[in-house]
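These numbers come from a predicted model, not from an experiment.
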Amino acid sequence: MTNGYERFPATKVPREEFSSDIDEQFRQLRDSPMLKRMKVARAIKAGDRYRPEYHFVNPENTLNDPNGLCFWEGRWHLFFQARPPEDERVHWGHAVSDDLVHWQDLPYAFGPGPESDCYSGTTLVEDDRVIAMYHGCGLGNMVATARDPMLLNWEKLGEGPVIPFHTDRGLDRPYGVFDPCIWKEGEFYYALSAGIRDFQDDGRHLAENFLFRSRDLAEWEYLHTFIEGDRFTIPGDDGACPYFLPIGDKHILVFFSHMSGGQYLLGYYDSDRQKFLAEDHGVFNFGATFPGGVHAPTAAPGPEGKVIVLFNMNPAKPTIKCDRYLQDFLGPDTEGALRDDSESALHHWDQIMTLPRALSLSPDDGLIIEPVQDIDGLRGEHLSSGGFALTANEELVLPRVDGDRLEIALRLEPDRASSFELNVLRSPDGEETTRIVFFRKRGFIYRTPFKDDVRSLRIISTVISDKISHDSILCIDTSRSSTLPDALARPPEQGPVRLAEDEALDMRVFVDRSVVEVFANGSLALSVRVYPGRDDSGGVSLLSRGRDAQVSRFDVWRMKRIY
């Protein structure tokens with residue numbers, strides 16, 4: 001027992017001791033048995049048809065929520081819920097990058113003991129250390145710190161939770177405790193813990209987050225609920241995986257609802273009362289998280305007042321690769337590493353990371369969502385460049401443009417076509433295809449009152465009228481993406497794109513084996529998992545329905561691998 005809590009066994013993953021000198025750390029990493037094992041795991045699984053090659057994937061098992069993204073001593077560090085083969089409880093996996101695009105595997109940061117699993121949390125970068133605050137299952141919220149250049153040497157604070165999940169009398173506190181977010185103001189550390197609050201007797205609840213503060217990270221005082229003015233989330237949502245960060249002259253709370261997926265609230269932070277005043281809201285996925293949808297976020301401050309965010313994505317097909325080559329690395333006595341059916345737990349994978357996104361504010365305080373700029377460096381062979389006119393109702397299949405690892409940059413000039421389609425991962429006969437479909441002015445209509453001064457014959461009057469704007473809709477339709485019996489299509493993933501009357505549609509489309517991501521006009525990002533079953537499903541085509549259309553830009557590149 002630890003302060004009245006059950007103590008769980010320590011992780012079985014071997015811990016390597018690292019120097020605090022950066023040059024010596026690099027030497028040790030080159031000789032690390034764990035990294036040699038991960039390198040072999042990546043090599044063996046590289047041939048898996050559905051394993052992405054420029055999206056991050058855990059080297060040797062599945063992953064779940066990303067955690068604790070941070071920038072420390074000139075490098076980006078990404079943590080994630082990982083399940084090592086020797087001990088499939090949740091550990092914090094770890095990777096490092098110079099540019100948020102190319103990732104180098106690192107040994108597991110830390111694992112269970114005294115908690116049963118190390119679940120989601122965030123990091124805080126200070127001058128001399130990085131603080132990780134995370135949920136220790138069975139205990140409460142935990143703290144660990146690291147000070148070395150590559151964040152390899154983590155030490156947990158104390159012998160148990162710094163914010164317990166419950167008291168000796170049980171669950172009798174006015175708050176919930178999981179998925180904490182940490183920051184510092186003046187002499188105080190603040191921790192935001194995910195939670196819910198009761199809504200009605202029928203069992204429905206609302207999203208909530210609870211605020212704590214501390215001077216020393218060890219003793220925490222509960223303050224109050226954090227969000228005011230949340231008229232946006234709906235019954236059944238919860239505030240999991242919160243990340244609270246400044247963005248421009250506002251603040252953003254990025255979070256995950258286990259019911260309806262990744263979301264954000266925009267507003268102002270009242271630092272005198274320690275309250276967040278929610279003014280606007282948006283979502284990062286437009287359907288359920290399963291199958292094949294966006295899941296939980298991790299976020300960190302970026303350059304120029306931006307926020308960098310990544311998500312994990314759920315599978316839509318079982319993904320297991322089987323062999324025994326890694327038994328030498330695991331050792332013959334590793335219990336449970338190889339099952340009787342010859343399927344190695346080390347080779348099971350399903351979830352992946354999205355491309356990193358840069359969030360910023362537009363002049364009218366809308367959220368701009370773009371891929372980080374360094375993704376341009378992954379462009380390889382240039383397959384197509386130029387523009388062309390599309391004849392109505394005639395599908396144009398592009399010669400010599402195909403593959404399952406592509407970037408497509410497209411500009412569609414304003415038109416009156418009923419719809420416009422870009423098809424990727426298309427079989428020659430069209431049996432399999434993933435459709436990216438644009439519907440101009442097919443979304444909500446907004447009427448905004450405005451005043452217009454009318455000046456005539458020295459008489460000035462004010463005419464009150466309605467300014468009308470009209471959403472367009474962009475969607476990814478996966479209903480024909482695969483003919484495989486175990487690949488699950490999802491309802492079309494669709495979201496609004498607000499364009500001016502004479503504004504073109506600009507899209508960047510990223511295809512990476514089993515994932516398709518679409519960014520449009522800085523205001524929308526859509527991501528889905530797809531699993532083409534045919535070996536020849538790699539084509540690209542365009543189609544304008546109803547009327548002709550003009551594509552003024554069409555660039556296609558093969559994309560390089562990130563490992």
Side-chain angles (χ1 to χ4, degrees), residues 66 69 122 179-183 185 190 192-197 206-211 224-235 237-257 259-286 294-311 354 356-372 443-444 446 448 469 471 474 495-499 519-527:
L69 181 69
T122 63
D179 295 1
C181 168
I182 184 172
W183 70 90
E185 296 176 50
Y190 289 87
L192 194 63
S193 189
I196 59 175
R197 57 187 170 91
L206 295 177
E208 190 56 89
N209 293 101
F210 304 100
L211 188 65
H224 46 240
T225 58
F226 186 58
I227 303 169
E228 287 185 351
D230 178 11
R231 62 186 187 277
F232 306 103
T233 54
I234 60 177
D237 281 337
D238 61 317
C241 303
Y243 287 82
F244 182 65
L245 295 164
I247 183 169
D249 61 354
K250 294 192 173 185
H251 274 70
I252 188 169
L253 179 65
V254 180
F255 65 98
F256 173 68
S257 163
M259 180 182 72
S260 52
Q263 305 180 38
Y264 66 87
L265 291 168
L266 272 175
Y268 287 97
Y269 178 45
D270 184 341
S271 57
D272 293 331
R273 297 190 304 125
Q274 287 83 44
K275 284 280 191 176
F276 177 51
L277 311 179
E279 295 183 326
D280 200 2
H281 171 261
V283 299
F284 294 107
N285 57 308
F286 297 85
V294 168
H295 197 89
T298 185
E304 301 173 352
K306 296 181 179 181
V307 169
I308 305 298
V309 62
L310 293 93
F311 301 81
T354 64
R357 305 173 183 182
L359 310 181
S360 58
L361 291 185
S362 66
D364 62 354
D365 289 335
L367 192 69
I368 298 173
I369 308 174
E370 299 172 309
V372 297
F444 291 148
Y446 299 90
T448 306
S469 58
D471 280 349
L474 186 65
V497 182
R498 192 166 298 180
L499 301 177
F519 294 82
N521 290 73
S523 64
L524 180 67
L526 302 174
S527 304

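The heavy-atom pair separating L361 from G248 by the smallest distance is CD1-CA, 4.3 Å. Listed here is the closest heavy atom pair of I308 and P356: CG2-CB, 4.5 Å. In terms of heavy-atom proximity, L367 sits nearest to I247 at CD1-CD1, 3.8 Å. Residues V307 and P246 approach most closely at CG2-O, 3.5 Å, considering heavy atoms.
Taking S360 as the reference, nothing meets the side chain to side chain donor-acceptor pair (under 3.5 Å) condition, with sequence neighbours excluded. Every salt bridge (charged side-chain N to carboxylate O under 4.0 Å, His left out) that E208 has, sequence neighbours left out, goes to R197. Partners of D270 according to the side chain to side chain donor-acceptor pair (under 3.5 Å) rule, which considers only residues two or more places apart in sequence or in another chain, are R273. Not counting sequence neighbours, the partners of A207 by the side chain to side chain contact (heavy atoms under 4.5 Å, CB included) test are T233, D237. The side chain to side chain donor-acceptor pair (under 3.5 Å) check on D471 picks up Y446, R498, with sequence neighbours excluded. Partners of P297 according to the side chain to side chain contact (heavy atoms under 4.5 Å, CB included) rule, which considers only residues two or more places apart in sequence or in another chain, are C241, Y243, V254, F256, V309, F311. With sequence neighbours left out, S362 forms a side chain to side chain donor-acceptor pair (under 3.5 Å) with D364.
Using modelled atom types, one side-chain atom of H224 and one backbone atom of Q274 make a donor-acceptor pair closer than 3.5 Å. Between the side chain of S193 and the main chain of F210, no donor-acceptor pair closer than 3.5 Å is present. The main-chain N or O of Y268 is never found under 3.5 Å from a side-chain atom of K275 such that the two would form a donor-acceptor pair.
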Please set out all donor-acceptor pairs under 3.5 angstrom arising from side-chain atoms of residues 276-286, sequence neighbours excluded.
residue: E279; atom: OE1; partner: K250; partner atom: NZ; Å: 3.3
residue: H281; atom: NE2; partner: Q263; partner atom: OE1; Å: 2.7
residue: N285; atom: OD1; partner: G262; partner atom: N; Å: 2.8
residue: N285; atom: ND2; partner: G287; partner atom: O; Å: 2.8

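The aromatic rings of Y269 and F244 sit perpendicular, their planes meeting at an angle over 60°, well past the 30° parallel limit.
Counting only residues at least two apart or on different chains, no salt bridge (Lys or Arg N to Asp or Glu O under 4.0 Å) pair has a member in residues 294-307.
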